[in-house]
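The structure appears below as structure tokens.
Residue numbers run from 1 in the order of the sequence given. All figures in this text were calculated on a predicted structure; none of them were measured in a lab.
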Amino acid sequence: MDLICDIVQGLFALAAAGFIVVLVIAHITATMVDLTRHEKEKYFLTATGGKELFPSLHDPHSRELSVVIPAYNEELRMPVMLEEAMEYLENRQKEHPSFTYEVIVVDDGSKDKTTEVALQYTEKYGEDKVRVLTLVKNRGKGGAVRMGTLSSRGKVILMADADGATKFADLEKAEAGLRDLNPKPENMGIVCGSRAHLEKESVSQRSLFRTFLMYGFHFLVWLFCVRGIKDTQCGFKLFTREAALKTFSSLHVERWAFDVELLYIAQCFKIPIAEVAVNWTEIEGSKLVPVWSWLQMGRDLVVIRLRYITGAWRLESPRKTD
């Protein structure tokens with residue numbers, strides 16, 4: 001009996017020591033929010049080839065809607081998404097002339113012709129409607145979305161993936177969800193597109209191991225970071241301008257798990273969040289490596305929580321980028 005007690009005590013001591021080591025490593029390897037821009041990232045090209053300075057999220061809005069599209073090596077998939085989005089936005093503007101919008105494609109250091117393809121839409125629709133932000137080096141999806149958001153002019157800001165997996169017209173569902181939140185008086189609100197209603201079908205098509213990883217990730221999200229949101233990873237999210245400024249100013253994670261930290265920050269600030277079901281179709285060519293990416297995101301979830309616990313990361317007050 002004494003031997004069993006000694007073994008149990010030893011295991012507890014080992015687990016405690018391991019936790020302390022992980023805590024220390026998470027703290028000392030933490031990086032700060034980097035909002036600085038390369039000189040080339042401060043400008044966008046006009047339809048005639050000129051250069052103009054990007055505005056700031058700190059400025060008052062001058063458009064009803066900004067659409068931020070992160071793109072990494074998306075020369076093949078992005079045109080389908082842009083055609084759908086531009087057709088919807090142009091038709092909406094014809095029906096409601098007071099409606100104004102902009103699309104910001106953020107080329108996240110692509111090695112293909114993503115920028116060149118996106119600039120074709122600037123030439124077609126003009127730089128007031130389509131702008132391209134080309135990052136000098138790859139930051140990751142979260143970093144690309146943040147840089148585009150901080151350069152936007154919209155009263156509300158939509159994050160949408162370049163693959164067009166979510167039907168763009170579902171923007172109307174997100175807008176209705178935002179109205180239901182009634183974000184006044186501070187105008188804080190976030191609406192997440194959700195694929196939770198498709199989960200049963202997706203489980204039936206996955207291997208047992210991938211299903212285990214998916215549920216494991218969901219559990220870690222619930223345990224360490226975000227509760228009450230069924231689908232944190234859908235790339236279709238709508239922010240009020242004020243909520244975007246508040247959350248993206250504190251964002252640290254720039255890779256796949258950035259959505260989770262973003263929603264964690266929002267919940268810490270008590271920003272209202274809603275979910276709306278969206279029409280979603282899996283598109284071939286995903287940059288997400290099924291097993292390895294899930295493991296990376298799981299690691300990031302643990303690290304996010306630990307770094308906020310130790311004070312290595314703190315919620316930041318919005319500040320202008322350089």
Side-chain angles (χ1 to χ4, degrees), residues 57 61 63-70 81 84-89 91-93 95-96 98-104 141-142 145-146 148-149 152-202 218 221-222 225-248 250-251 258-282:
L57 188 61
H61 77 270
R63 297 292 179 275
E64 288 297 311
L65 171 70
S66 290
V67 181
V68 176
I69 305 171
M81 183 273 177
E84 179 188 356
M86 295 307 297
E87 181 181 4
Y88 171 86
L89 293 167
N91 287 337
R92 182 165 170 176
Q93 192 171 65
E95 293 176 10
H96 306 282
S98 62
F99 172 72
T100 53
Y101 74 90
E102 68 173 349
V103 173
I104 303 174
K141 183 180 178 182
V145 172
R146 177 172 60 192
T149 300
S152 63
R153 297 175 288 167
K155 184 178 181 180
V156 293
I157 300 163
L158 176 70
M159 177 184 90
D161 286 343
D163 61 3
T166 303
K167 188 177 179 181
F168 194 83
D170 282 347
L171 166 64
E172 295 173 16
K173 294 182 180 180
E175 290 174 321
L178 200 56
R179 288 193 295 271
D180 290 342
L181 282 178
N182 192 23
K184 298 177 181 179
E186 295 183 334
N187 202 36
M188 294 282 187
I190 299 172
V191 175
C192 303
S194 177
R195 303 159 297 179
H197 60 294
L198 303 172
E199 191 169 286
K200 287 184 180 180
E201 180 183 347
S202 65
H218 289 172
V221 169
W222 177 87
C225 297
V226 178
R227 298 185 179 183
I229 306 297
K230 294 179 181 178
D231 185 2
T232 59
Q233 299 309 111
C234 181
F236 199 79
K237 293 182 174 67
L238 186 67
F239 302 78
T240 63
R241 189 174 186 83
E242 291 77 6
L245 181 60
K246 195 85 169 175
T247 53
F248 279 98
S250 289
L251 184 69
F258 84 96
D259 303 78
V260 177
E261 189 195 0
L262 204 63
L263 295 175
Y264 171 77
I265 293 167
Q267 290 190 336
C268 287
F269 280 128
K270 301 189 184 307
I271 296 173
I273 304 172
E275 275 188 286
V276 296
V278 294
N279 294 287
W280 185 87
T281 305
E282 188 165 356

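- Thr247 contributes atom OG1, which lies 10.5 Å from atom CZ of Phe258 (distance to the nearest 0.5 angstrom).
- Between the side chain of Thr240 and the backbone N or O of Asn187, at least one donor-acceptor pair lies under 3.5 Å.
- Ser152 and Leu57 make their closest contact through OG-CD1, 3.7 Å (heavy atoms, listed as atom of the first residue, atom of the second, distance).
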Could you check Ser66 against Leu158 for side-chain contact (heavy atoms from CB on, under 4.5 Å), going step by step and ending with a plain yes or no?
CA-CA 6 Å; Ser66 290; Leu158 176 70; over 6 Å; no
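- Of all heavy-atom pairs spanning Thr149 and Ala244, the tightest one is CG2-CB, 3.8 Å.
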Using the side chain to side chain donor-acceptor pair (under 3.5 Å) rule, take Glu172 and Tyr88 through it: C-alpha gap first, then chi angles, then the decisive distance, then the call.
CA-CA 11 Å; Glu172 295 173 16; Tyr88 171 86; 2.9 Å; yes
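- Remark: Arg146 is not positioned above the aromatic ring of Phe248, lacking an NZ or CZ atom under 6.0 angstrom from the ring centre and at most 45 degrees off the axis.
- In this structure the side chain of Met159 never reaches within 4.5 angstrom of the side chain of Val67, judged on heavy atoms.
- Between Asp259 and Lys237 there is a salt bridge, with a side-chain nitrogen of the basic residue lying less than 4.0 Å from a carboxylate oxygen of the acidic one.
- The backbone N or O of Phe168 sits less than 3.5 Å from a side-chain atom of Glu84, completing a donor-acceptor pair.
- A 4.5 Å side-chain heavy-atom check between Gln267 and Ile229 finds at least one atom pair inside the cut-off.
- Rounding to the nearest 0.5 Å gives a distance of 13.5 Å between CG of Leu251 and OH of Tyr264.
- A salt bridge is defined here as a Lys NZ or Arg NE, NH1 or NH2 lying under 4.0 Å from an Asp or Glu carboxylate O, and Arg63 with Glu102 fails to meet this definition.
- For the atom pair Glu175 CD and Arg179 CZ, the distance stands at 6.5 Å (nearest 0.5 Å).
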Would you please test Val191 and Phe236 for side-chain contact (heavy atoms from CB on, under 4.5 Å) and show each step?
CA-CA 9 Å; Val191 175; Phe236 199 79; over 6 Å; no
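- When all heavy atoms of Ala162 and Pro70 are compared, the pair lying nearest together is CB-O, 3.6 Å.
- Taking every heavy atom of both residues into account, Gly148 and Ile104 meet most closely at O-CD1, 3.7 Å.
- Here the side chains of Glu64 and Tyr101 are not in contact, with every heavy-atom distance at 4.5 Å or above.
- The distance from atom CD of Glu242 to atom NE2 of His61, rounded to the nearest 0.5 Å, is 9.0 Å.
- Nearest approach of Ile190 to Ala243, heavy atoms of both residues: CG1-CB, 4.0 Å.
- Taking 4.5 Å as the limit, some side-chain heavy atom of Ile273 sits within range of a side-chain heavy atom of Leu263.
- Listed for the Glu275 side chain is no donor-acceptor partner under 3.5 Å among the backbone atoms of Ser194.
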Intermediate values then yes/no, side-chain contact (heavy atoms from CB on, under 4.5 Å), Asp161 and Lys141
CA-CA 10 Å; Asp161 286 343; Lys141 183 180 178 182; 2.8 Å; yes
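- Listed for the Asp231 side chain is a donor-acceptor partner under 3.5 Å among the backbone atoms of Arg195.
- Taking CD from Gln93 and CG from Leu65, the interatomic distance works out to 11.0 Å, rounded to the nearest 0.5 Å.
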Apply side-chain contact (heavy atoms from CB on, under 4.5 Å) to Arg241 and Lys155, showing your working.
CA-CA 5 Å; Arg241 189 174 186 83; Lys155 184 178 181 180; 5.7 Å; no
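- Using a distance-only test at 3.5 Å, with no hydrogens or angles considered, a donor-acceptor pair links the side chain of Asp163 to the main chain of Ala165.
- Residues Leu178 and Phe239 form no side-chain contact, since every pair of their non-hydrogen atoms from C-beta on lies 4.5 Å or further apart.
- Nearest heavy-atom pair, Arg92 versus Leu171, reported as atom, atom and distance to 0.1 Å: NH1-CD2, 3.6 Å.
- Taking 4.0 Å as the cut-off between side-chain N and carboxylate O, Asp170 and Lys173 count as a salt-bridged pair.
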